[in-house]
Amino acid sequence: MNPSPVRVRFAPSPTGYLHVGGARTALFNWLYARHLGGQFVLRIEDTDKERNTAEAVQVIYDGLKWLGLNWDEGPDVGGPHGPYFQSERDAVYQRYADQLTAAGRVYTDENGALRFRLPRQPLIFDDLVCGRIEVDRSKSQNRDGGLESDMTIRRADGGWIFHFVNVVDDIDMQITHVIRGEDHLSNTAKHIELYQALGVEPPRFGHIPLILNKDGSKMSKRDVGASITSYLEGGYVPEAVLNYFALLGWSPKDDREIMPREEIVERFDLANVNRKGAHFDLAKCDWFNAQYLQQMPLEHYRKLATPWLAKAGLVLPDDQLDAVLALEKMKVTHLREVPERVAFFATEDFPYDPAAVEKTLRKPGALDRLAQLAECYAAVEPFDAATLEAKLKELAATLGVKPAEFIHPARVAVSGRSVGPSLYHMLEVLGKDRIFARIERTRTQFAA
RNA sequence: GACCCUAUCGUCCAGAGGCCUAGGACACUCCCCUUUCACGGGAGUAACACGGGUUCGAAUCCCGUUAGGGUCACCA
């Protein structure tokens, strides 16, 4: 006997952007499916033809793919329960609507819309996250204090309404577990009434907490971090973002935070999802990103950083690329910072930071120190960080001055700035010739 | 307005009656490491919304209050 396979779905509407809340819903569905060896279905809810565009759908694909949330069935990959665009499922909806008509459960109202007669019976269901939910449907009122109006399932113009197509598709696609945002918890009663009217056993429901802004307000399109595209464009590592999102509402119940995808899949469970709305904190997301960047192998880091270098028009010789990237790897929070940080390796014509010049190069004797250092380094062998450090300190000792007298001007002379990589490692990567040229340029340019 | 969900540090989570003088992480402050900036290490500030019960004992269970969120569309 086959264990009944778990089938979950993510059913976004193509609005032109993928909201974090949506991505997190997709993630929890995906985790649930992968954890249990079930199927993850992608269905595009594009009944609203107005805002339905190919680009809007592409944004959803891009976001999910970036996060690594692969789907087993969907518009682009097909599957046995298609089509997966609601706009192409008219015949299916008509069939189910006919069934309701035959059963006398719907009627056409005075405006020509098709409405479902709500049974308004007391109703109980077990939510996988929220537990037992008990509603007395006969008490549901609308804003005017009147009885909740019967649910419209088809507009006068023939367009289908969300609640209906959502339920029909979940039935038709044999969805076993509906994992969605808590904003649908209150709608679930109506949905169950629809399942019952259709003579179908409802799936299990799991309503996950909403994601709010850090101050608790509702997150809208404009808010920082709201759009998944902003992570793609902001230099985030998908695994880091996924890790952070997973911890918004779910916890492995111990102190583990940085977890590889496989571990999250392995440990994920709806029972460990909490019910409290999560406030989104980009600072913590950034911390995860920095951690992932620091801990990943240089080879992987290079693959992620290279496109950013290219986009900035920076060219680094192949044989130096890794060495240069390694110099700043521990300091980068977002990949987009990389070009700026390593730009001075790519050109001899780098700019000098005015503040650094003022503070360091303009100091009396600074240019002389550079000359002395260059002279000292002329014969250094091997030209590596350890030797360079030893030589510099030796020079300082000989002259009876602090090493800082050399270190600071040298840093500004070779990089144009007062902050950057470890000086000696930076010198090693730059090499003797470039250092001498840069010191020369500095001395000429800033000679009193 | 009716109904539903929620309530532990500023934020994300631990805590499923005694292990809690409430733990971890981010953020913040200080110290160490480092003659840069980071990383790393150490320390610190900081919370059980309130009021009633139940119990020998409550952050944990129950009720109420308050607060926040959600749903009640010919939007999805």
Side-chain angles (χ1 to χ4, degrees), chain A residues 11-15 22 45-48 50-51 86 109 111-115 118 127 129-131 133-149 151-163 165-166 181-190 207 209-210 212-218 244 247-258 272 274-288 290-291 294-295 328-333 341 356 360 392-393 396 402-408 410-412 415 417-423 426:
Chain A
S13 173
T15 59
E45 305 223 328
D46 57 347
T47 55
D48 184 354
E50 302 298 305
R51 51 188 182 186
Q86 286 188 331
D109 71 9
N111 298 315
L114 195 62
R115 286 178 179 267
L118 293 176
D127 191 273
V129 175
C130 302
I133 307 291
E134 195 172 345
V135 209
D136 185 350
R137 299 281 292 139
S138 64
K139 287 201 293 198
S140 291
Q141 296 183 2
N142 64 24
R143 266 169 285 253
D144 311 321
L147 221 53
E148 180 183 9
S149 45
M151 172 166 61
T152 302
I153 67 170
R154 192 184 60 206
R155 300 186 195 103
D157 69 3
W160 301 99
I161 294 300
F162 162 76
H163 298 290
V165 294
N166 190 265
E182 196 203 275
D183 50 336
H184 281 120
L185 186 61
S186 296
N187 289 146
T188 304
K190 279 191 299 193
H207 289 89
L210 264 20
L212 286 346
N213 283 313
K214 185 153 186 194
D215 65 5
S217 63
K218 193 172 176 177
Y244 174 67
L247 261 14
L248 244 28
W250 172 78
S251 157
K253 302 298 177 191
D254 56 24
D255 290 338
R256 291 280 288 165
E257 291 211 307
I258 304 274
N272 286 346
N274 65 35
R275 312 175 195 180
K276 193 174 65 168
H279 294 198
F280 187 82
D281 185 6
L282 194 63
K284 184 139 187 181
C285 187
D286 286 348
W287 177 78
F288 272 95
Q291 288 295 313
Q294 285 165 21
Q295 289 171 23
E328 291 281 80
K329 183 165 174 281
M330 301 304 279
K331 311 182 184 204
V332 174
T333 300
R341 284 176 180 275
T360 308
L392 184 147
K393 285 179 173 167
K402 289 178 179 170
E405 298 243 345
F406 293 98
I407 292 172
H408 297 305
R411 172 180 298 286
V412 179
S415 72
R417 42 181 93 166
S418 54
V419 297
S422 153
L423 176 67
M426 169 164 71

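A, B, ... follow the sequence lines: proteins, then strands. Residue 1 opens every chain.
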Please state whether the phosphate of [N], meaning OP1 or OP2, lies under 4.0 angstrom from any side-chain nitrogen or oxygen of [X].
{"X": "A/Thr152", "N": "B/C74", "result": "yes"}
{"X": "A/Lys214", "N": "B/C26", "result": "no"}
{"X": "A/Ser422", "N": "B/U34", "result": "no"}
{"X": "A/Ser140", "N": "B/U71", "result": "no"}
{"X": "A/Arg155", "N": "B/A76", "result": "yes"}
{"X": "A/Arg143", "N": "B/A73", "result": "yes"}
{"X": "A/Arg137", "N": "B/C3", "result": "no"}
{"X": "A/Asn274", "N": "B/C13", "result": "yes"}

Which is true for [X] with a 4.0 Å heavy-atom rule: it touches a base, it touches only sugar-phosphate, or it touches nothing?
{"X": "A/Glu45", "result": "sugar-phosphate"}
{"X": "A/Pro209", "result": "nothing"}
{"X": "A/Ile407", "result": "base"}
{"X": "A/His163", "result": "base"}
{"X": "A/Leu212", "result": "nothing"}
{"X": "A/Asp183", "result": "sugar-phosphate"}
{"X": "A/Gly145", "result": "nothing"}
{"X": "A/Ala278", "result": "sugar-phosphate"}
{"X": "A/Lys329", "result": "nothing"}

Working to the nearest 0.5 Å, report the span between [atom1] of [X] and [atom2] of [Y].
{"X": "A/Glu405", "Y": "A/Leu392", "atom1": "CD", "atom2": "CG", "result": "11.0 Å"}
{"X": "A/His163", "Y": "A/Ile153", "atom1": "NE2", "atom2": "CD1", "result": "12.0 Å"}
{"X": "A/Ile161", "Y": "A/Asn166", "atom1": "CD1", "atom2": "CG", "result": "12.0 Å"}

**Prompt:** What is the per-nucleotide protein-contact pattern of nucleotides 58-66 of chain B, from the 5' end, where B denotes a base atom under 4.0 Å from a protein heavy atom, S denotes such proximity for sugar-phosphate atoms only, and - denotes neither?
**Reply:** ---------
**Prompt:** Nucleotide by nucleotide, 5' to 3', does protein get under 4.0 Å of the base (B), only the sugar-phosphate (S), or neither (-) in nucleotides 39-44 of chain B, counting heavy atoms?
**Reply:** SS----
**Prompt:** 5'-most contact on RNA chain B: A/Trp250 or A/Asn111, nearest heavy atom basis?
**Reply:**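 Counting from the 5' end, the first nearest nucleotide belongs to A/Trp250.
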**Request:** Please tell me which of A/Lys402 and A/Gly249 maps to the more 5' nucleotide of RNA chain B, matching each residue to the nucleotide holding its nearest heavy atom.
**Result:**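 By nearest-heavy-atom nucleotide position, the 5'-most residue is A/Gly249.
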Which base, if any, makes a Watson-Crick or G-U wobble pair with [N], both distances under 3.5 Å?
{"N": "B/A46", "answer": "none"}
{"N": "B/U34", "answer": "none"}
{"N": "B/U71", "answer": "B/A2"}
{"N": "B/A7", "answer": "B/U66"}
{"N": "B/G57", "answer": "none"}
{"N": "B/C19", "answer": "none"}

**Item:** Interatomic distance at C1', B/U45 relative to B/C5, whole Å
**Value:**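 Pairwise C1' distance, B/U45 against B/C5, rounds to 33 Å.
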**Asked** Mind checking the C1' distance from B/U21 to B/U29? Whole angstroms is fine.
**Response**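 Comparing C1' positions in B/U21 and B/U29 gives a spacing of 24 Å.
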**Prompt:** Run the side chain to side chain contact (heavy atoms under 4.5 Å, CB included) check on A/Lys190 and A/Glu148 step by step: do they pass?
**Reply:** CA-CA 11 Å; A/Lys190 279 191 299 193; A/Glu148 180 183 9; 3.5 Å; yes
**Message:** Apply side chain to side chain contact (heavy atoms under 4.5 Å, CB included) to residues A/Leu185 and A/Asp127 and explain how you reach the verdict.
**Reply:** CA-CA 9 Å; A/Leu185 186 61; A/Asp127 191 273; 3.9 Å; yes
Minimum-distance nucleotide (side-chain atoms of [X] versus [options]):
{"X": "A/Ile133", "options": "B/C4, B/U71, B/C12", "value": "B/C4"}
{"X": "A/Ala156", "options": "B/U8, B/C13, B/C74", "value": "B/C74"}
{"X": "A/Glu148", "options": "B/G70, B/C72, B/U36", "value": "B/C72"}
{"X": "A/Leu185", "options": "B/A27, B/C5, B/A25", "value": "B/C5"}

Nearest-angstrom distance from the residue atom [atom1] of [X] to [atom2] of [N]:
{"X": "A/His207", "N": "B/C5", "atom1": "NE2", "atom2": "C1'", "answer": "11 Å"}
{"X": "A/Glu182", "N": "B/A7", "atom1": "CD", "atom2": "P", "answer": "10 Å"}
{"X": "A/Lys253", "N": "B/U8", "atom1": "NZ", "atom2": "C1'", "answer": "13 Å"}
{"X": "A/Lys276", "N": "B/A47", "atom1": "NZ", "atom2": "P", "answer": "15 Å"}
{"X": "A/His279", "N": "B/U8", "atom1": "NE2", "atom2": "P", "answer": "9 Å"}
{"X": "A/Ile161", "N": "B/A73", "atom1": "CD1", "atom2": "P", "answer": "12 Å"}
{"X": "A/Phe162", "N": "B/A76", "atom1": "CZ", "atom2": "C1'", "answer": "6 Å"}
{"X": "A/Asp254", "N": "B/G23", "atom1": "CG", "atom2": "C1'", "answer": "12 Å"}

**Asked** For the residue pair A/Phe280 and A/Tyr244, does the interplanar ring angle fall in the parallel (under 30°), tilted (30 to 60°) or perpendicular (over 60°) class?
**Response**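 Ring orientation, 0 to 90° scale: perpendicular.
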**Request:** Indicate the atoms forming the closest heavy-atom contact of A/Pro252 with A/Leu247, along with that distance.
**Result:**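 Taking A/Pro252 first and A/Leu247 second, the nearest heavy atoms are CD-CD1, 4.1 Å.
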**Asked** Ignoring hydrogens and angles, does a donor from either the side chain of A/Lys284 or the base of B/A27 sit under 3.5 Å from an acceptor on the other?
**Response**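 Absent.
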**Request:** Carefully, step by step, assess A/Met426 and A/Leu423 under the rule side chain to side chain contact (heavy atoms under 4.5 Å, CB included).
**Result:** CA-CA 5 Å; A/Met426 169 164 71; A/Leu423 176 67; 3.9 Å; yes
**Syn-anti status, with the boundary at 90° from 0, for the nucleotide B/C32** =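 Anti for B/C32; the angle lies over 90° from 0.
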**Asked** Checking side chain to side chain contact (heavy atoms under 4.5 Å, CB included) for the pair A/Gln295/A/Ile258: CA distance, chi angles, key distance, verdict?
**Response** CA-CA 11 Å; A/Gln295 289 171 23; A/Ile258 304 274; 4.1 Å; yes
